[in-house]
Trainee: 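Let me give you the structure first, and then I'll get to my questions.
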Amino acid sequence: MRYSNVFPAASLRRYLLGLLADEETERIDQHLLTEEGALEAVEEAQDDLIEDYLDGALDESEHAAFEEHFLAAPAHRQSLDCARMVREHMLREAARVSRFRPRATAAWIGPIAAVLLIGLGLWLWLWLVQSSGPPPQIAEQTPTTTTAPPPPVSSIPGPTSSPVSRPSPAAPVRVAATLVVSQQMAGGEGDPTVVRLRRGETAVQIEIAFLEGAVAYRRLSARLLRDGRVVHEWKSLRPQTDLALDLPTQGLAPGAYTLVLSGSEPGGDTVEVDRWTLQLQTP
Amino acid sequence: MKEVTQEAFARFLTWLGPSAEAAGIRYQDMHRRLVKIFACWGCACPEDLADRTLDRVVTKADEVRPGYEGDPFAYVLGVARNVRREEYRSQARARSRPNPGALPGPPEEERLADEAKLECLDRCLAQSLSLEERQLLLEYYREPRAASARRRAIAQDEGLSGTTLRKRTQRYRQRLEQCLRRCLGWTKEGHGTGVTDIPG
């Protein structure tokens, strides 16, 4: 039998904090003295409680009860001491590793590099075919390609594909810019990020990559501003390492825009996480 | 209180189990559980109070047992509650007396204690956890401000549910705590006996 079926973790936590009603406390006392698994369940709840205390996640009454009641027992103080030691060591170690870790190890670098390499290979192949044989059919058969924009590198057709690259309605939205949220550098620093829109594109994607340790929020939201006026808004985004914002491009004029990323903290406050200047260029 | 004699203790053990060995194990288990209960009640000396409870139960067992049905646990718990009440009363009396104030330990002693802790931690990290386990803990604690969101992301990366990740890191911490307690000479009951040499 799972002990959590007898007493929920919340009751065990209140028991440890001395906040449980007498009757319920007596029931847990009795289980603790006699039942298999009860001691382990209480110790599990204790570990969670200590972690929450160190995370600063206890509410005011729990925090007070933790310090006055729970920490009255020397063994509990030692457990807290152990947990704190481990945590501090890990944080020191993490800071040391971060200092020496090159930024290029971020998760999004790999796929981008792979796409670029494949694109380069295909371009080389096309160039070799063009320079060694007769002119490729693509130019003869599709005069429209002279006016159409070049396809994205990743969608250049291979030898067996159709020579004409037409936008497919089901095709994924192109990533037009990748922005980085980093604790070391505010996004607003440096040059604006150029976002080139292509003809026929109805939407592009702006990717926001959080470097390690930057996702600190319950929910995220973003706003695209032009001269202080909101032109597009993304609400209630789930925090994750790579955030994808689909931006409808219809009606967007070329020029400078500001993208503001905000986050709601566990305490309920909403803060600005980062902001970037985007320079939109239309075909 | 009456003195606990060998005979009284042996008679009490027969109440706990059919064989001396089984009863002995049960007695130790009961003591361990009582220590935890006293700690959860917010008592400062759980081990002493558990000892006091069981001593009292042993000395009273001959009187209580004849008319008693079932396991002695309910009786033990009743005695533990009385012991706690007495302890509260004596603490209240102690609080009403003038308190000379706790004297801080000498700085040199504190520094040595901190060094011993760090040394034990290094040893325990190397002995109790594999490299992968240490790395998982490192990721888990990397960003305290980002705790919940970051941990969700780690669970996702590791292909684990949030609960599994929490349980796994909990096991690692418990292993580390056991090792640290051994190394620092801390008992589970909260007593300290100084740093113990664990094989390096």
Side-chain angles (χ1 to χ4, degrees), chain A residues 15-16 18 25-26 28-30 32-34 38-39 42-44 46-48 50-51 54-57 65 68-79 81-83 85-91 93-95 97-98 107 183 210 212-218 238-241 263 265-266, chain B residues 29-30 32-47 71 73-74 76-77 80-81 117-118 120-122 124-125 134 137-150 152-153 156-157 166-167 169-170 172-174 176-177 180-181 184 186-192:
Chain A
Y15 173 75
L16 285 161
T25 300
E26 282 172 21
I28 295 181
D29 288 344
Q30 201 160 353
L32 202 45
L33 193 61
T34 57
L39 195 58
V42 169
E43 280 174 355
E44 211 171 278
Q46 176 178 317
D47 184 88
D48 282 343
I50 290 174
E51 287 298 301
L54 292 173
D55 279 341
E68 284 164 26
H69 180 90
F70 179 79
L71 291 183
H76 291 171
R77 289 200 293 276
Q78 288 175 349
S79 291
D81 216 6
C82 287
M85 261 195 276
V86 171
R87 185 178 279 243
E88 283 172 0
H89 172 88
M90 292 298 169
L91 284 173
E93 198 61 14
V97 171
S98 301
Q183 286 186 315
F210 281 82
E212 49 202 12
V215 189
Y217 309 94
R218 281 199 308 197
R238 198 167 70 85
Q240 50 194 347
T241 313
E265 290 187 318
Chain B
D29 185 51
M30 194 154 51
R32 192 166 62 100
R33 287 165 183 264
L34 274 175
V35 169
K36 188 69 201 171
I37 289 172
F38 278 114
C40 291
W41 284 344
C43 299
C45 313
E47 200 176 21
D71 268 341
F73 292 113
V76 172
L77 200 55
R81 288 200 183 105
K117 283 180 188 174
L118 289 177
C120 282
L121 182 61
D122 281 344
C124 288
L125 280 165
R134 283 203 299 277
L137 264 192
L138 193 72
E139 285 298 315
Y140 193 78
Y141 284 122
R142 188 180 288 279
E143 183 68 37
R145 246 183 87 235
S148 56
R150 166 137 199 91
R152 271 199 302 276
Q156 214 169 7
D157 288 350
R166 189 174 57 81
K167 297 255 182 209
T169 55
Q170 194 168 58
Y172 300 163
R173 280 194 301 271
Q174 280 171 351
L176 274 176
E177 183 176 337
L180 280 169
R181 281 181 181 280
L184 292 164
W186 290 351
T187 66
K188 186 79 184 154
E189 289 74 30
H191 289 269

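Atom set for the values below is all heavy atoms of this structure, side chains included, hydrogens, waters and symmetry mates excluded. A note on names: the letters A, B, ... follow the listed sequences, proteins ahead of strands, and every chain is numbered from 1.
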Trainee: Consider only side-chain N and O atoms of Ser79(A) and Arg181(B), and report whether a donor and an acceptor are under 3.5 Å apart.
Mentor: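 Distance-only check passes for Ser79(A) and Arg181(B).
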Trainee: Check each atom of Leu137(B) against the heavy atoms of chain A and say whether the ones under 4.5 Å are side chain, backbone, both or neither.
Mentor: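 Both parts, heavy atoms under 4.5 Å.
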Trainee: Quick check on the interface: out of Ala80(B), Ala74(B), Cys45(B), Ala44(B), who has the most heavy-atom pairs with chain A under 4.5 Å?
Mentor: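 Option with the greatest count: Ala44(B).
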Trainee: Do Arg134(B) side-chain atoms and Leu125(B) backbone N/O form a donor-acceptor pair below 3.5 Å?
Mentor: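 It does hold such a pair.
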Trainee: Using heavy-atom distances under 4.5 Å, tell me whether Asp71(B) contacts chain A through its side chain, its backbone, both, or neither.
Mentor: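 Contact with chain A is absent: no heavy atom of Asp71(B) under 4.5 Å.
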Trainee: Please look at Leu180(B) and chain A and tell me whether the side chain, the backbone, both or neither of the residue comes under 4.5 angstrom of a heavy atom of that chain.
Mentor: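 Leu180(B) touches chain A through side-chain heavy atoms alone.
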Trainee: Under 4.5 Å from any heavy atom of chain A, what part of Cys40(B) do you find: side chain, backbone, both or neither?
Mentor: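 Backbone plus side chain of Cys40(B), per the 4.5 Å heavy-atom cut-off to chain A.
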Trainee: Between Gly56(A), Ala73(A), Gly18(A), Ala57(A), which residue shows the highest count of heavy-atom pairs closer than 4.5 Å to chain B?
Mentor: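 So the answer, after comparing Gly56(A), Ala73(A), Gly18(A), Ala57(A), is Ala73(A).
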Trainee: Answer yes or no: are there more than 12 heavy-atom neighbours, outside Gln30(A) itself, under 6.0 Å from its atom CD?
Mentor: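 Atom CD in Gln30(A) is not crowded, with 12 or fewer foreign heavy atoms closer than 6.0 Å.
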Trainee: Less than 4.5 Å to any heavy atom of chain B: does that hold for the side chain of Glu51(A), its backbone, both, or neither?
Mentor: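 When you check distances to chain B, only side chain atoms of Glu51(A) fall under 4.5 Å.
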Trainee: Is it the backbone or the side chain of His69(A) that comes under 4.5 Å from a heavy atom of chain B, or both, or neither?
Mentor: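 Looking at His69(A), backbone and side chain both touch chain B.
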Trainee: Using a cut-off of under 4.5 Å for heavy-atom pairs, which of Leu16(A), Thr25(A), Thr34(A), Asp29(A) has the most such pairs with chain B?
Mentor: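 Top option by heavy-atom pairs under 4.5 Å: Asp29(A).
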Trainee: Using the rule given for salt bridge (charged side-chain N to carboxylate O under 4.0 Å, His left out), can you reason through Arg87(A) versus Asp55(A), listing the C-alpha separation, both sets of side-chain angles and the distance that settles it, and then say yes or no?
Mentor: CA-CA 10 Å; Arg87(A) 185 178 279 243; Asp55(A) 279 341; 2.8 Å; yes
Trainee: Examine whether an atom of Asp81(A) lies under 4.5 Å from a heavy atom of chain B, and if so say whether it belongs to the side chain, the backbone or both; otherwise answer neither.
Mentor: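 Contact with chain B is through the side chain of Asp81(A) alone.
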Trainee: Report yes if some heavy atom in the side chain of Leu118(B) is under 4.5 Å from a heavy atom in the side chain of His89(A); otherwise report no.
Mentor: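 Not in contact.
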Trainee: Can you tell which part of Glu68(A) gets under 4.5 Å to a heavy atom of chain B, answering side chain, backbone, both or neither?
Mentor: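 For Glu68(A), there is no contact with chain B at all, as no heavy atom is under 4.5 Å.
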Trainee: Count the heavy-atom pairs under 4.5 Å between each of Met30(B), Arg81(B), Gln174(B) and chain A, then report the option with the highest count.
Mentor: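 Looking at each option in turn, the highest pair count goes to Arg81(B).
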